[in-house]
Amino acid sequence: MTASPTRTRTRLRGAASLLASTDHKVIGLLYLALGSLYFLIGGLEALVMRVQLAAPGNAVLTGETYNAFFTLHGTTMIFLAVMPMLLGFSNYLLPLQIGARDMAFPRLNAFGFWITALGGLLLYLSLLEGPPSAGWFAYAPLSERPFSMSLGTDFWAAALIFMGTGSTLTAINLIVTTLRYRAPGMGLWMMPMFSWMAFVNSVIIVFAMPALNAALVMLEVDRALGGHNFAHGGSALLWQHYFWFFGHPEVYIMILPAWGLISEVIPVYARKPIFGYEFVAGSTLAIAVLSFAVYAHHMFAVGLSRPVNLAFAASTMLIAIPTGIKVLNWVATLWRGSIRFETPMLYALAFLVQFTLGGVTGVSFAVLPIDWQVTDTYYVVAHFHYVLMGGTLFALLSGLHHYYPKMTGRLLGDTLGKAAFWLITLGFNGVFLVQHALGLMGMPRRVYTYPDLPGWGALNRVSTVSAFVMGAGLVLVLVNLVVSRQLGRVAGDNPWRAWTLEWATSSPPPAGNFTRLPPVKSRRPLWDLAHPEDPDHRRPARHDRTHGHIRPEEQEHPR
Amino acid sequence: MSGSHAAAPPPISRVSSGRMGMALFLFGDAVTFTLLIVGHLYLRRHAPQGAPHLDLSGTLVFSVLLWASSGTLWAAERLRDVPRVSGVLYALTGLLGLTFVAGTLQEWLQLVQAGYGVSSTLFFTGYYTLTGLHALHVLLGALALLVLAALRFRDRLGWRRRGVTDALGLYWHFVDAVWVLLFLLLYVWRGP
Ligand code: HEM
Ligand SMILES: [Cu+2]
């Protein structure tokens, strides 16, 4: 098929205007595309590592190459896959949810995206010079000149500074947008849950990223100018303190918007308002503060003093409380709901189970003797993949299926969607559940191969095979995304019958977002619009009684 | 469009977006500087040679010029609507900033010639990191101020650019304040 020259030209011009756009929706989609691309790359890197680990004594990769692979995999997944996807959702959704036309600084927004993309390019340009291989945590002195001679680590540091700058600018933009451009009548405590969490998340970003920047500046002073910050009289521990002062909040940077998505999805498919809005929102604030107060739990094994260890153990257990509150609230929202098992909801339910398991193993690390026993084993790898992949990524997929009709005007194919869901869920648990056992049996992480001890080979084989099952599922998601763009059923403005502002405008929304805003008097403006006789705000007593319980009108399957 | 009023709600708060955004950025920047300072102090315990080779009085001269620039900027903001005068004041502020950067460079040159480079002691590793990052801040701010002056002279600094001047003003005063701290820490204080 050959397109006519004029068609090609208009297409090209279309693409160019897309790339030059400052519309928050376009930038949001660009972020999502960037994140997906790098998720694919990071996923392929993971598969290669799993092939190497499939059998004891395998020799697909050398030790040095394995280190490069897992450094690139970790860095890519965190900074180039998960964060861009989350920022993409924030960019796309937050202005819509609060009834704004665009972000506060549209051009800064575009700049933030492009500088992030440039950072990604820099990271992979390091391949020309010898890739970084000191891990995504780049522990000094491993990351110092004598142990990382190639320029790879310098590329890595530069890439992180670029991407960190991009996310900081985006975060500042999101905060100012939230504070200044909410629809008339919408107080901060009336914002949809996703916007609330994206807002708090941005505050964490503004405070956490500078810590990484400080550490990277010091590292580069050492590497490029021969400074002594982390070696030759300096302190290697200082790197760990600074890195984790950024690194632990980074974990919450990755999980908060994911929680926001879950908090949007569950109420819609359970046909109930979220249970305990105040608690879900308030616990987010507690987490924002605590996320900085727990950072040294990554350093229990380096030999800090006993009081320090105990303080960080205590704060780590403490942070489980606001997190647990959220899980309880989601479960309570499901409780006696009128549940529709659409694909977004399936991902949300899988999220609940997997995230809880990841949370439980997380608390187990706060028990010092357990941490000393299992740190740097596959138990840790299992834990953080349950949180990051079983939590964050499943929430992202849930949000993607939920918001795809808003973004494109079409529904994702259902059969394909559900098939992919089952492959991914079974695959994911197959990969990482067994790693708890491997870790308890003592298999160290960050090693390119392992001895043939009883059970190790078999469990690793399960893990590798499952990784390919999951990979197949993720490819199906991609196929679904592309195919449904043309062939999906037309969605209409509000296919899931949700109650927040983003569903009040057309799908996809026009430039400027809204032609008219419904009045905002409660947390569910579209419910008020649909039920003028019984709005959320008019009858507080009734509201209290129905709060957390299903209203007869919302019953999907009459009991 | 009938509903276009509803579609563009007026900003809720009175602080300009520019000032708010810059304040947030500076919070983050303050974290960077704080961590670098804390790290420097921590490492300095192992660098008993301290700061004997720095030129306190020479540095004080261009430091005073930098601090004076906060005054000229303040005056420029007050006279923002008088094009010529405020244009001159913006330009003067930027030039004072550039003088400071030149002073820093010259001091570095002398130190390096005397044999005190980044790699010579723990003290100097921190010294160059902190003064370098700060000079970079001054340089960027000064260039932005010169752009502002040019806009002012061409009368292209209407009320729509209020946010830009607000933000830059905040930034400049912050950078000057950081220098007070760094000056005391690196040049005056001889501990620990
Ligand atoms: C596609 C599925 C995935 C598979 C099969 C996978 C597999 C692996 C493997 C084999 C390692 C090396 C472990 C070691 O040698 O210690 C690893 C490390 C890592 N992965 Fe993944 N991964 C996946 C997805 C993700 C996701 C979604 C993230 C999230 C952000 C992530 C973050 C990381 C990080 C940060 C490390 C570095 C671990 C360390 O610090 O030692 N991975 N992964
Ligand atoms: Cu942590």
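By convention in this document, chain letters (A, B, ...) are assigned in the order of the sequence lines, proteins followed by strands, and residues within each chain are numbered from 1. Note: hydrogens, waters and symmetry copies are ignored here, and every other heavy atom, side chains too, is used.
Taking CZ of B:F27 as the reference point, atom CD1 of A:I175 lies at 10.0 Å (rounded to 0.5 Å). For the atom pair A:H228 NE2 and B:T125 OG1, the distance stands at 4.5 Å (nearest 0.5 Å). Within the model, atoms CG of A:L238 and OH of B:Y42 stand 6.5 Å from one another, a figure rounded to the nearest 0.5 Å. Atoms CD1 and CE, from A:I172 and B:M20 in turn, are 12.5 Å apart once rounded to the nearest 0.5 Å.
Residue B:F33 does not touch chain A at all, counting heavy-atom pairs closer than 4.5 Å. Contacts of A:V217 with chain B are made by side-chain atoms alone, with heavy-atom separations under 4.5 Å and no backbone atom involved. Proximity to chain B (any heavy atom under 4.5 Å) is shown, for A:N513, by neither the backbone nor the side chain.
The backbone N or O of B:S16 sits nowhere less than 3.5 Å from a side-chain atom of A:R180 that would complete a donor-acceptor pair.
The most heavy-atom pairs under 4.5 Å with chain B, out of A:A104, A:S235, A:A171, A:P519, come from A:S235. Each of A:T177, A:L225, A:L108 has some count of heavy-atom pairs under 4.5 Å with chain B, and the biggest count is that of A:L225. Counting heavy-atom pairs closer than 4.5 Å to chain A, the top residue among B:V118, B:T34, B:L35 is B:L35.
For B:R78, the CZ atom is loosely surrounded, since the number of other residues' heavy atoms within 6.0 Å does not exceed 12. Around atom NE2 of A:H232, no more than 12 heavy atoms belonging to other residues, nucleotides or ligands sit under 6.0 Å away. Counting heavy atoms of neighbouring residues, nucleotides and ligands inside a 6.0 Å radius, atom CZ of B:F153 exceeds 12 of them. Remark: A:F292 CZ is packed, more than 12 non-hydrogen atoms of other residues, nucleotides or ligands lying under 6.0 Å away.
In this structure, the ring pair (Phe, Tyr, Trp, His ring centres under 6.0 Å) partners of B:Y128, at least two apart in sequence or on a different chain, are B:W108.
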Q. Please walk me through it: do B:L36 and A:Y242 pass side chain to side chain contact (heavy atoms under 4.5 Å, CB included)?
A. CA-CA 10 Å; B:L36 287 176; A:Y242 283 14; 5.5 Å; no

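Nearest heavy-atom pair across B:T32 and A:P210 is OG1-CB, 3.0 Å. The shortest non-hydrogen separation linking A:V206 to B:L24 is CG1-O, 3.4 Å.
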